[in-house]
Peer 1: 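Have a look at this one.
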Amino acid sequence: MASCLAPALLLLLLLGSPSAVAPNRCVDAADACTADARCQRLRTAYVVQCLGRAAPGSCPRARCRRALRRFFARGPPELTHALLFCPCGGAACAERRRQTFVPSCAFSGPEPAPPSCLAPLDACEHSRVCRPRLLAFQASCAPSPSDLDGCLRDQVPSCLRAYASLVGTAVTPNYVDNASARVAPWCDCGASGNRREECEVFRGLFTRNRCLDRAIQAFDGGWPSVLHDQLDPHQDPEHSLLQVSSADASLEGSSMLSMLPVLALQPLL
């Protein structure tokens with residue numbers, strides 16, 4: 001079954017095809033990436049890793065996620081963000097967006113049900129790759145109590161960058177369905193025992209975060225100019241969009257768990 005699905009998914013990710021029903025901006029984003037040599041090379045690399053040969057029901061997840069981090073760190077920011085945040089008005093477009101980085105390998109895995117969110121949280125706490133990125137996400141996407149929309153205007157770009165930097169880590173988030181723009185890690189809090197509140201706070205960083213919601217909506221609003229912006233041909237890919245900035249160095253000694261309440265500004269459900 002997997003061998004039959006892989007070629008179709010490869011075509012879905014690597015080729016753009018016009019929608020007969022309505023404009024599909026995720027197809028536009030894919031076409032733009034295909035037309036850019038660096039974007040296409042990096043995207044091909046992660047698709048190959050995420051759909052590479054593996055035992056039935058498994059995937060080379062570590063290699064897949066490493067290739068994804070490289071894609072978002074070294075790819076042209078305008079194009080990588082267009083693929084990740086392309087605005088959708090229909091289920092076909094939204095499903096393509098959800099499949100952008102092969103969720104069956106990078107996001108959800110073969111398990112029939114999601115694990116407790118404490119598992120990816122604990123894994124992230126002990127990861128040199130994930131931990132600083134989650135801290136940066138918490139700091140960059142913290143809702144502003146002084147703004148009615150929950151996110152200051154100049155906060156939006158850094159929030160999107162920080163969110164995208166989590167793709168390919170232990171807490172990789174994704175769209176949860178093809179009917180909305182709701183995002184979450186692949187986990188829930190049904191079996192978290194006496195750490196239930198901690199688990200809910202962590203998941204709420206994605207599911208009850210007004211700043212993140214505002215940032216994604218703001219990208220939707222700015223879409224018409226995204227693919228027309230001229231990329232700087234002299235940009236150093238090693239200092240591209242998703243590197244942890246020097247400003248994040250101040251977070252290095254912080255306790256990630258102690259920062260969880262920063263975004264938990266709404267009551268737990």
Side-chain angles (χ1 to χ4, degrees), residues 2-19 24-54 58-88 93 95-109 128-130 133 157 160-170 172-175 219 222-223 225-245:
S3 60
C4 295
L5 292 177
L9 188 52
L10 275 169
L11 289 174
L12 175 69
L13 290 169
L14 294 176
L15 300 178
S17 58
S19 170
N24 188 323
R25 290 182 176 169
C26 292
V27 171
D28 295 341
D31 288 343
C33 182
T34 299
D36 181 273
R38 177 157 49 110
C39 185
Q40 176 66 353
R41 172 173 53 80
L42 291 166
R43 186 166 57 137
T44 300
Y46 84 67
V47 169
V48 168
Q49 291 296 338
C50 297
L51 291 173
R53 294 182 181 276
S58 66
C59 72
R61 176 165 292 185
R63 295 198 302 272
C64 170
R65 287 181 169 177
R66 189 180 308 117
L68 274 167
R69 295 196 302 270
R70 184 182 296 264
F71 173 75
F72 284 106
R74 299 186 177 183
E78 292 84 349
L79 301 182
T80 59
H81 269 204
L83 280 167
L84 187 58
F85 300 115
C86 48
C88 287
C93 176
E95 180 61 18
R96 185 187 182 101
R97 179 176 61 186
R98 197 182 69 83
Q99 295 285 348
T100 294
F101 47 82
V102 195
S104 59
C105 182
F107 173 66
S108 60
R128 291 181 298 175
V129 171
C130 181
R133 294 174 185 232
L160 291 180
R161 289 195 297 268
Y163 173 86
S165 74
L166 289 175
V167 177
T169 70
T172 295
N174 196 12
Y175 298 96
F219 184 88
W223 174 261
S225 65
V226 170
L227 297 185
H228 300 291
D229 290 343
Q230 294 297 317
L231 301 180
D232 181 358
H234 303 297
Q235 180 183 359
D236 179 356
E238 296 296 334
H239 293 81
S240 65
L241 179 70
L242 298 181
Q243 281 198 312
V244 177
S245 70

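Values in this document were obtained by computation on a predicted structure and should not be read as measured data.
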Peer 1: Do you know which two heavy atoms are closest between L68 and G168, and how far apart they sit?
Peer 2: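 Answer, listing the atom of L68 first, then G168: CB-CA, 4.4 Å.
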Peer 1: Evaluate the side-chain proximity of V27 to R96: yes if any heavy-atom separation is below 4.5 Å, no if none is.
Peer 2: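 Yes, their side chains come closer than 4.5 Å.
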Peer 1: Ring of Y175, cation from R97 - is the NZ or CZ under 6.0 Å from the centre and inside 45° of the axis?
Peer 2: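 Yes; both conditions hold, so R97 lies above the ring face of Y175.
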Peer 1: Would R43 and Q40 count as having a side-chain donor-acceptor pair, cut-off 3.5 Å?
Peer 2: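 Yes.
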Peer 1: Please check: side-chain N/O of N174 versus main-chain N/O of P103, any donor-acceptor pairing under 3.5 Å?
Peer 2: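 Checked: no pair found.
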Peer 1: Do F101 and L84 touch side chain to side chain, with heavy atoms closer than 4.5 Å?
Peer 2: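 Counting from C-beta outward, F101 and L84 do come under 4.5 Å.
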Peer 1: Any heavy-atom pair between the side chains of R133 and V129 that's under 4.5 Å?
Peer 2: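 A side-chain contact exists here, since the closest heavy-atom pair is under 4.5 Å.
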Peer 1: Supply the atom-to-atom distance C33 SG to L83 CG, rounded to the nearest 0.5 angstrom.
Peer 2: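 CG of L83 is found 5.0 Å from SG of C33.
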Peer 1: For the cysteine pair C50 and C64, state whether the SG atoms are less than 2.5 angstrom apart.
Peer 2: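 Answer is yes: C64 pairs with C50 in a disulfide.
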Peer 1: Looking at CZ of F71 and CG of L79, how far apart are the two atoms once the value is rounded to the nearest 0.5 Å?
Peer 2: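 The CG atom of L79 is 8.0 Å from CZ of F71, to the nearest 0.5 Å.
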Peer 1: Counting C-beta onward and ignoring hydrogens, is there a side-chain heavy-atom pair between R65 and T169 closer than 4.5 Å?
Peer 2: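 No, side chains not in contact.
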Peer 1: Would L160 and H81 count as a side-chain contact (heavy atoms from CB on, under 4.5 Å) here? Give the steps.
Peer 2: CA-CA 8 Å; L160 291 180; H81 269 204; 3.7 Å; yes
Peer 1: Which pair of non-hydrogen atoms, one from S104 and one from S108, has the smallest distance, and what is that distance?
Peer 2: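 In this case the closest contact between S104 and S108 is CA-OG, 3.7 Å.
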Peer 1: Okay, side chain of R25, backbone of P87: is any donor-acceptor separation there less than 3.5 Å?
Peer 2: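 No: the side chain of R25 does not pair with the backbone of P87.
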Peer 1: What's the separation between atom CG in L42 and atom CZ in R69, rounded to the nearest 0.5 Å?
Peer 2: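 It is 14.0 Å, given to the nearest 0.5 Å.
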Peer 1: Which is it for T172 and L166 under the side-chain contact (heavy atoms from CB on, under 4.5 Å) test, yes or no, and what are the steps along the way?
Peer 2: CA-CA 5 Å; T172 295; L166 289 175; over 6 Å; no
Peer 1: Set out, in order, the CA-CA distance, both residues' side-chain angles and the distance that settles side-chain contact (heavy atoms from CB on, under 4.5 Å) for T100 and Y46, then state yes or no.
Peer 2: CA-CA 11 Å; T100 294; Y46 84 67; 3.9 Å; yes
Peer 1: Quick one: pull up SG in C88 and CZ in R98 and give me the separation to the nearest 0.5 Å.
Peer 2: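 CZ of R98 is found 12.0 Å from SG of C88.
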Peer 1: Can you classify the ring geometry of F219 versus F85 as parallel (below 30°), tilted (30 to 60°) or perpendicular (above 60°)?
Peer 2: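 Rings of F219 and F85: tilted, 30 to 60°.
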Peer 1: Do other residues, nucleotides or ligands put more than 12 heavy atoms under 6.0 Å from R70 CZ?
Peer 2: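 No, not enclosed.
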Peer 1: Under 3.5 Å, side chain of R61 to main-chain N/O of A106, donor-acceptor pair present?
Peer 2: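 Checking the backbone N and O of A106 against the side chain of R61, no donor-acceptor pair under 3.5 Å is found.
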Peer 1: Does one side chain, of T80 or R74, offer a donor that lies under 3.5 Å from an acceptor on the other?
Peer 2: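 T80 vs R74: no donor-acceptor pair found between side chains.
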Peer 1: SG to SG, are C86 and C26 under 2.5 angstrom apart?
Peer 2: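 Answer is yes: C26 pairs with C86 in a disulfide.
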